[in-house]
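Take a look at the structure below.
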Amino acid sequence: MTIRHHPDDSMLIAFAAGTLDLGQHAAIATHLAACPRCRRLASAMEHVGGAVLENLPPAPMAGNALERVMARLPEIDRAAEREPSPEMAAAEIPGLPKFIRKYPIGEWQWVAPRVHLRRITLPEPSRTRVFLLRSGPGTKMLQHSHTGIEMTCVLSGAFKHEGGHFGPGDFDLGDATVDHQPMVDDGEDCVCLVAMQGDLRLNGILGRVMQPFVRL
Ligand SMILES: [Zn+2]
């Protein structure tokens, strides 16, 4: 697997510091599970961050800061020892990291023609909604932008848009400044893990007609 699109350094730093919203944290961890390069970077940042925290003078606020950071870090290596739950084993989502499989995952729901999603329930409340999105081969999504940050991790299949071509392991970031129309490659379904804040904003006449019906 050749990974061409990575989260930028500021996101990896925020991940290592444990300051990301939990849903975004899960999206970055999903990328790390597939990407040795970013795993090395995040691990180096964790060590630096840990050393900084350890050298801080004791303060009531910082009492268990390091512990809390560590508790939020998905156990990428140790997760490999865990058995996935039977429901998820049955789901057979290629590329879905094991730490995500321990969270409750809903049934596939229809979103739009040839597009379905499964919601992932995180262990604590998050401003970010996390779901699996499956789009059929050749699906052309409606031109859209975002009112918040959307992180997309490709698990299987591929899509392209103005920002490039995205295959398994690739990470894509959308926000209010990005206006794009992804198109899924021919040949196989594309399944992504998506961490989304805010809403999609559909463009064009068809988009405005569809907008009330699209709830991700
Ligand atoms: Zn990477």
Side-chain angles (χ1 to χ4, degrees), residues 1-52 69-82 84 88 93-103 105 120 122 126-135 141 146 148-178 180 182-185 188-197:
M1 164 177 12
T2 309
I3 299 178
R4 292 193 180 82
H5 303 278
H6 306 268
D8 68 23
D9 286 355
S10 65
M11 268 179 255
L12 293 176
I13 289 169
F15 172 87
T19 57
L20 285 177
D21 171 276
L22 186 59
Q24 296 185 333
H25 195 87
I28 299 289
T30 296
H31 175 75
L32 296 189
C35 181
R37 168 196 175 271
C38 289
R39 214 153 55 220
R40 273 195 303 276
L41 280 172
S43 164
M45 290 164 183
E46 269 165 40
H47 287 123
V48 172
V52 170
V69 168
M70 296 312 287
R72 285 172 58 104
L73 292 173
E75 301 147 297
I76 290 166
D77 296 325
R78 269 173 286 163
E81 296 159 15
R82 262 190 231 119
M88 275 317 294
I93 307 284
L96 190 68
K98 290 200 168 66
F99 79 88
I100 292 281
R101 295 175 189 227
K102 67 181 193 230
Y103 302 144
I105 303 185
I120 298 173
L122 298 173
S126 168
R127 285 171 55 219
T128 307
R129 304 184 295 291
V130 180
F131 51 88
L132 299 172
L133 189 69
R134 187 185 77 205
S135 312
M141 310 291 272
H146 305 268
I149 291 176
E150 180 199 55
M151 296 178 171
T152 300
C153 303
V154 183
L155 302 177
S156 64
F159 66 85
K160 64 169 184 280
H161 59 55
E162 293 82 342
H165 186 255
F166 297 78
D170 278 328
F171 179 89
D172 188 22
L173 187 78
D175 61 22
T177 65
V178 175
H180 60 197
M183 182 157 169
V184 177
D185 284 13
E188 65 172 312
D189 284 355
C190 180
V191 180
C192 298
L193 180 135
V194 180
M196 183 190 259
Q197 294 183 344

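Order of listing sets the numbers, starting from 1, for every ligand and every atom in it.
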Parallel, tilted or perpendicular: rings of Phe171 and His31 (30°, 60°): perpendicular
Set out, in order, the CA-CA distance, both residues' side-chain angles and the distance that settles side chain to side chain contact (heavy atoms under 4.5 Å, CB included) for Leu96 and Leu132, then state yes or no. CA-CA 9 Å; Leu96 190 68; Leu132 299 172; 3.7 Å; yes
Of all residues at least two apart in sequence or in a different chain, which pass the ring pair (Phe, Tyr, Trp, His ring centres under 6.0 Å) check with His161? Phe159, Phe166, His180
Under 2.8 Å from the Zn ion (ligand 1), which protein N, O or S atoms are there? Could you list them by chain and number? His6 ND1, His31 NE2, Cys35 SG, Cys38 SG
Are side-chain heavy atoms of Leu12 and Leu32 found at a separation under 4.5 Å? yes
For Asp9, salt bridge (charged side-chain N to carboxylate O under 4.0 Å, His left out) partners two or more places apart: none
Mind checking side chain to side chain donor-acceptor pair (under 3.5 Å) for Asp175 and listing every partner two or more places apart, or none if nothing turns up? Thr177
